[in-house]
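Just so it is clear, the values below take in all heavy atoms, side chains as well, and ignore hydrogens, waters and symmetry mates. We count residues from 1, following the sequence as given.
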Amino acid sequence: MPLNKSWVESANTPDTDFPLNNLPYGAFVSDAGEPHCGVAIGDMILDVTALEADGVLAVPEEEEVFFFGDWSEFMTLGSEIWAGLREALTELLSETYADPQGLTGYMVPQVGTQMLMPFTVSEFTDFYASKNHASNVGTMFRGPENALPPNWLSMPIGYNGRASSVVVSGTDVRRPWGQLKSPDAELPVFAPCKRFDIELEMGAIVGQPSEGPVTVAEADDMIFGYVLLNDWSARDIQAWEYQPLGPFQAKATATTVSPWIVPKAALEEFRVDTPNRERPLLDHLTEPGPMLYDIALEVGMAPEGKSETVIARTNYREMYYSSAQQLAHHSTSGCPMRVGDLLGSGTISGPEKDQRGALLEITWGGQEPITLETGETRSFIEDGDTLTLRGAAIGDGYRVGFGACVGTVLPALDDPYKR
């Protein structure tokens with residue numbers, strides 16, 4: 001598909017994340033200080049809440065869907081309404097639209113605008129679905145012979161995380177305290193994390209509910225759109241706490257998502273197959289067609305006040321399990337899925353060292369520090385470091401991007417239990 005031209009000139013440049021082909025959904029603080037729903041187009045935001053209030057844009061048989069500045073209510077309306085809004089927005093922003101001057105008052109510059117969480121997170125589930133990542137981490141801790149758990153090739157492994165600590169891009173992240181135990185110590189100590197890390201992930205947003213098991217095809221239809229996701233991880237806290245039930249406080253500090261939800265419709269032409277299966281999957285996980293997407297991803301690290309170094313480049317197509325498979329598997333027990341459920345893909349890593357989506361892998365557990373372009377070295381994240389995730393599906397002369405997913409690490413608090 002070629003670039004769809006818009007009367008918003010900045011949307012027609014090949015380096016923008018937000019051409020007319022994209023039209024991602026976000027939330028921002030309006031001039032009046034209220035949350036508004038918006039759609040990114042080039043370097044601008046189209047104020048959807050204001051368009052609705054003035055009667056320029058309406059959702060059939062609904063009133064004030066966007067009044068509260070959150071896309072959650074709109075998601076409940078289903079795929080036909082989703083498609084109808086996308087068609088209406090495309091018409092309004094197309095270069096052939098008859099009255100672009102009439103819309104300029106609804107355009108807000110992205111630069112300097114405060115972005116908000118674009119939806120209300122109902123629940124958060126994180127998966128462990130990249131074979132390269134799971135093999136690397138397993139090799140570090142169990143050796144290459146036992147790198148993958150016996151169940152890994154049969155189902156997408158996941159755990160229930162914390163919806164309460166999901167934050168929008170630009171939110172600072174405080175280094176956490178927790179129980180740490182060094183290998184030569186008899187007992188743990190309570191101290192700030194020393195091995196703080198990122199996880200480069202994609203997040204799938206559930207836009208329709210379920211009450212029982214769903215197929216992979218049904219699960220795919222339930223997905224509203226995708227975000228970039230950084231699941232911050234305290235590796236030393238995790239190492240002590242994870243047996244026997246897996247991650248807990250190590251992953252509860254924060255999960256950062258990009259401010260823009262790229263609708264699934266914008267990614268359709270970028271679908272790709274999952275890899276060949278090393279073990280046949282059970283019927284409930286069998287895919288009806290391509291379920292992954294060709295999305296180029298990267299991670300940048302910048303020490304405080306200094307330039308950024310890109311420390312990893314990979315692609316979402318490297319995953320072993322798709323979000324639709326993860327959602328279908330989640331439902332097999334009869335577990336109800338809700339509008340606003342967020343599914344993290346798990347760390348996305350390619351086969352090469354510079355394609356690994358976490359510092360744990362890139363530095364091989366801290367044994368092989370990386371050198372930044374500033375000359376500094378890193379094994380894990382230091383205070384003041386800013387981590388930025390970026391991603392885009394690359395089309396013919398355009399890109400369908402997510403915007404940046406950014407977080408800066410602040411120093412740990414003073415001992416919170418010293419009164």
Side-chain angles (χ1 to χ4, degrees), residues 1 4-8 11 18-28 30 32 34-41 44-108 116-122 204-211 214 217-227 259-269 327 336-342 400:
M1 180 184 294
N4 294 330
K5 291 288 189 71
S6 171
W7 57 264
V8 181
F18 310 121
L20 188 59
N21 303 63
N22 190 350
L23 301 183
Y25 307 127
F28 66 98
S30 70
E34 300 169 344
H36 276 206
C37 290
V39 169
I41 180 72
M44 305 296 287
I45 301 170
L46 179 66
D47 189 335
V48 174
T49 298
L51 286 172
E52 179 186 55
D54 291 348
V56 180
L57 187 68
V59 174
E61 300 180 8
E62 298 290 336
E63 294 183 5
E64 297 187 324
V65 176
F66 305 113
F67 177 78
F68 294 105
D70 183 295
W71 288 87
S72 298
E73 185 176 348
F74 175 75
M75 286 193 277
T76 67
L77 303 179
S79 58
E80 289 188 11
I81 300 297
W82 303 348
L85 178 68
R86 183 171 173 81
E87 183 178 347
L89 290 169
T90 300
E91 181 180 345
L92 288 175
L93 293 167
S94 171
E95 67 175 350
T96 60
Y97 183 63
D99 184 25
Q101 285 297 116
L103 292 178
T104 54
Y106 298 99
M107 305 297 286
V108 179
L116 306 172
M117 276 294 298
F119 70 107
T120 301
V121 181
S122 297
I205 300 167
V206 177
Q208 287 288 280
S210 65
E211 294 298 336
V214 299
E218 290 168 336
D220 188 55
D221 289 340
M222 291 166 60
I223 294 174
F224 178 66
Y226 291 84
V227 291
W260 298 105
I261 304 170
V262 174
K264 189 176 61 175
L267 296 170
E268 285 301 309
E269 67 174 297
L327 178 51
M337 304 304 295
R338 295 288 179 253
V339 172
D341 281 350
L342 175 63
V400 173

What's the verdict on side chain to side chain contact (heavy atoms under 4.5 Å, CB included) for Met117 and Trp71, showing C-alpha distance, side-chain angles and the deciding distance?
-> CA-CA 9 Å; Met117 276 294 298; Trp71 288 87; over 6 Å; no

For Leu85 and Leu57, run side chain to side chain contact (heavy atoms under 4.5 Å, CB included): C-alpha distance rounded to whole Å, both residues' side-chain angles, the deciding distance at 0.1 Å, then the answer.
-> CA-CA 9 Å; Leu85 178 68; Leu57 187 68; 3.8 Å; yes

Side chain to side chain contact (heavy atoms under 4.5 Å, CB included) between Asp220 and Lys264, worked out | CA-CA 9 Å; Asp220 188 55; Lys264 189 176 61 175; 4.0 Å; yes

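Within a 6.0 Å sphere centred on CD of Glu91, heavy atoms belonging to other residues, nucleotides or ligands number 12 at most. Within 6.0 Å of CD in Glu269 there are more than 12 heavy atoms belonging to other residues, nucleotides or ligands.
Side chains of Leu89 and Ile41 form no contact here, defined as non-hydrogen atoms less than 4.5 Å apart. Annotation: side chain of Val262 is in contact with side chain of Val400 (closest heavy-atom distance under 4.5 Å). Between Val206 and Val339 there is no side-chain heavy-atom pair separated by less than 4.5 Å. Side-chain contact between Val108 and Met44 is absent, with no heavy-atom pair separated by less than 4.5 Å. Contact check for Asn21 versus Met1: side-chain heavy atoms found under the 4.5 Å cut-off. Counting only heavy atoms from C-beta outward, the side chains of Pro209 and Met337 never approach each other to under 4.5 Å.
Distance check, rounded to the nearest 0.5 Å: CG of Leu46 to CE of Met107 gives 5.5 Å. We find the OG-CD1 distance between Ser79 and Ile223 to be 13.0 Å, quoted to the nearest 0.5 Å. Between Leu103 atom CG and Leu93 atom CG the span is 7.0 Å, to the nearest 0.5 Å. Between the OG1 atom of Thr90 and the OH atom of Tyr97 there is a distance of 13.0 Å, given to the nearest 0.5 Å. Considering SG of Cys37 and CG of Leu116, their distance stands at 10.0 Å, rounded to 0.5 Å. Within the model, atoms CG of Leu23 and CG of Asn4 stand 9.0 Å from one another, a figure rounded to the nearest 0.5 Å.
The aromatic rings of Phe66 and Phe74 sit tilted, their planes meeting at an angle between 30° and 60°.
What you find for Asp341 and Ser122 is that their closest heavy atoms are OD1-CB, 3.3 Å. Ala27 approaches Gly69 most closely through the heavy-atom pair CB-O, 3.4 Å.
At distances below 3.5 Å, at least one donor-acceptor pair connects side-chain atoms of Gln208 with backbone N or O atoms of Met75. Formation of a donor-acceptor pair under 3.5 Å by the Lys5 side chain with backbone atoms of Ala11 is not found in this model. Of the possible donor and acceptor atoms, none in the side chain of Asp54 sits under 3.5 Å from a partner among the backbone N and O of Val56. Judged by distance alone, the side chain of Asp47 and the main-chain N or O of His36 form no donor-acceptor pair under 3.5 Å. Here the side chain of Thr49 pairs no donor or acceptor atom with the backbone of Phe67 at under 3.5 angstrom. Side-chain atoms of Trp7 do not come within 3.5 Å of backbone N or O of Gln101 as any donor-acceptor pair. Distance alone, capped at 3.5 Å, places no donor-acceptor pair between the Ser6 side chain and the Ser94 backbone.
Under the ring pair (Phe, Tyr, Trp, His ring centres under 6.0 Å) rule, Trp260 has a single partner from Phe119, Tyr226, Phe18, which is Phe18.
The pair Glu211-Arg338 meets the salt-bridge criterion, with a side-chain N (NZ, NE, NH1 or NH2) lying under 4.0 Å from an Asp/Glu carboxylate O.
Ring pair Trp82/Phe224: centre-to-centre distance below 6.0 Å.
In this structure Glu64 satisfies the side chain to side chain donor-acceptor pair (under 3.5 Å) test with no other residue, sequence neighbours excluded.
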